[in-house]
Amino acid sequence: MTFPIFHMIDGAPDPVAPFSHAVEQDGWVFVTGQMPFAGITNTSPYPEGIEAQTHQVMANLKRVLEGCGLGLENVVAARVFLTHFKNDYEKMNHVYAGYFPAGKRPARTCIGVTGLARDARVEIDMIARRP
């Protein structure tokens, strides 16, 4: 077993709490949930609406994965957190599905929550595996 590698990715949004963008051990990469920050500061505005926020979260996740030398094709699991589950679930799914080819989508859990940092509507975290 190797020691964990703690990744902080240049160009990814600043953390809203004390955490690393990703932690890697033995080829597994655990990507911290990303918020829909449009910039790299954690006070950057969020885009309006669930579709735009989902696109921004996915862009931020891709940036972290790329900083680790990986891509969405390496993702094996994802967790989605929604603050407006009934209103946003279908719209978020439509956007999310466009990032993965049919038949090669990660395992996923989607959870309705009462709140997210900075009042985001969506947060997504991922687990990836090095080839």
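Because the structure is a prediction, the values reported are computed rather than measured. Side chains included, hydrogens not; waters and symmetry mates left out as well; all remaining heavy atoms used.
- Interatomic distance, CG of Leu65 versus CD1 of Ile9, reported as 9.0 Å (0.5 Å rounding).
- Both Val95 and Leu61 are assigned to one and the same hydrophobic cluster, defined by single-linkage of ILVMFWY side chains at heavy-atom distances under 4.5 Å.
- Residues that satisfy the salt bridge (Lys or Arg N to Asp or Glu O under 4.0 Å) test with Arg79, not counting sequence neighbours, are Asp125.
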Please table the atom pairs, donor to acceptor, closer than 3.5 Å between any side-chain atom in residues 100-111 and protein atoms at least two apart or in another chain.
from, atom 1, to, atom 2, distance (Å)
Arg108, NH1, Asn93, OD1, 2.9
Arg108, NH2, Asn93, OD1, 2.7

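- Residues passing the side chain to side chain contact (heavy atoms under 4.5 Å, CB included) test with Thr43, sequence neighbours excluded: Thr41.
- Leu116 is listed as a side-chain neighbour of Phe81, based on a closest heavy-atom distance under 4.5 Å.
- Taking a 4.5 Å side-chain heavy-atom cut-off between Ile, Leu, Val, Met, Phe, Trp and Tyr, the cluster of Ile5 contains only that residue.
- Between Ile50 and Leu82, some side-chain heavy-atom pair lies under the 4.5 Å cut-off.
- Not a single side chain to side chain contact (heavy atoms under 4.5 Å, CB included) links Asp119 to another residue, sequence neighbours left out.
- Ser20 approaches Met8 most closely through the heavy-atom pair CA-SD, 3.4 Å.
- A 4.5 Å side-chain heavy-atom check between Ile127 and Val75 finds every atom pair outside the cut-off.
- Put simply, NE2 on His94 and OG1 on Thr54 are 11.0 Å apart, with the number rounded to the nearest 0.5 Å.
- Among Met35, Gln34, Arg118, the one residue that satisfies the side chain to side chain contact (heavy atoms under 4.5 Å, CB included) test with Glu123 is Met35.
- Closest non-hydrogen pair, Arg63 versus Gly11, comes out as CD-O, 2.6 Å.
- Atom CG of Asn42 is separated from atom CZ of Phe37 by 5.0 Å, given to the nearest 0.5 angstrom.
- Residues that satisfy the ring-ring contact (aromatic ring centres under 6.0 Å, His included) test with Tyr99, not counting sequence neighbours, are His55.
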Dump the intermediate steps for side-chain contact (heavy atoms from CB on, under 4.5 Å) on Val122 and Val80, then the final yes or no.
CA-CA 7 Å; Val122 60; Val80 180; 4.1 Å; yes
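- Of all non-hydrogen atoms in Tyr96 and Met58, the two that sit nearest each other are CD1-SD, 4.2 Å.
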Contacts under 3.5 angstrom, residues 85-92 side chains, donor-acceptor by atom type, not counting sequence neighbours:
from, atom 1, to, atom 2, distance (Å)
Asp88, OD1, Arg121, NH2, 3.0
Asp88, OD2, Arg121, NE, 2.8
Asp88, OD2, Arg121, NH2, 3.0

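- In this structure, the salt bridge (Lys or Arg N to Asp or Glu O under 4.0 Å) partners of Arg130, at least two apart in sequence or on a different chain, are Glu24.
- Partners of Asp10 by side chain to side chain donor-acceptor pair (under 3.5 Å), not counting sequence neighbours: none found.
- Here the side chains of Thr114 and Thr83 are not in contact, with every heavy-atom distance at 4.5 Å or above.
- Listed by chain and number, the hydrophobic cluster partners of Ile40 come to none, as no ILVMFWY side chain reaches under 4.5 Å of it.
- Taking hydrophobic clusters as Ile, Leu, Val, Met, Phe, Trp and Tyr residues chained together by side-chain heavy-atom distances below 4.5 Å, Val76 shares a cluster with Phe30.
- Listed by chain and residue number, nothing satisfies the side chain to side chain contact (heavy atoms under 4.5 Å, CB included) test with Glu73 (two or more places apart in sequence, or in another chain).
- Within the 4.5 Å cutoff, no side-chain heavy atoms of Thr32 are placed close to those of Pro15.
- Using a distance-only test at 3.5 Å, with no hydrogens or angles considered, a donor-acceptor pair links the side chain of Asp26 to the main chain of Thr2.
- Ala38 and Ser44 get closest at one heavy-atom pair: N-CB, 4.1 Å.
- Under the rule for a side chain to side chain contact (heavy atoms under 4.5 Å, CB included), the partners of Pro47 that lie at least two apart in sequence or sit in another chain are Pro36, Ala52, Gln53, Gln56.
- His21 is not listed as a side-chain neighbour of Val31, based on a closest heavy-atom distance of 4.5 Å or more.
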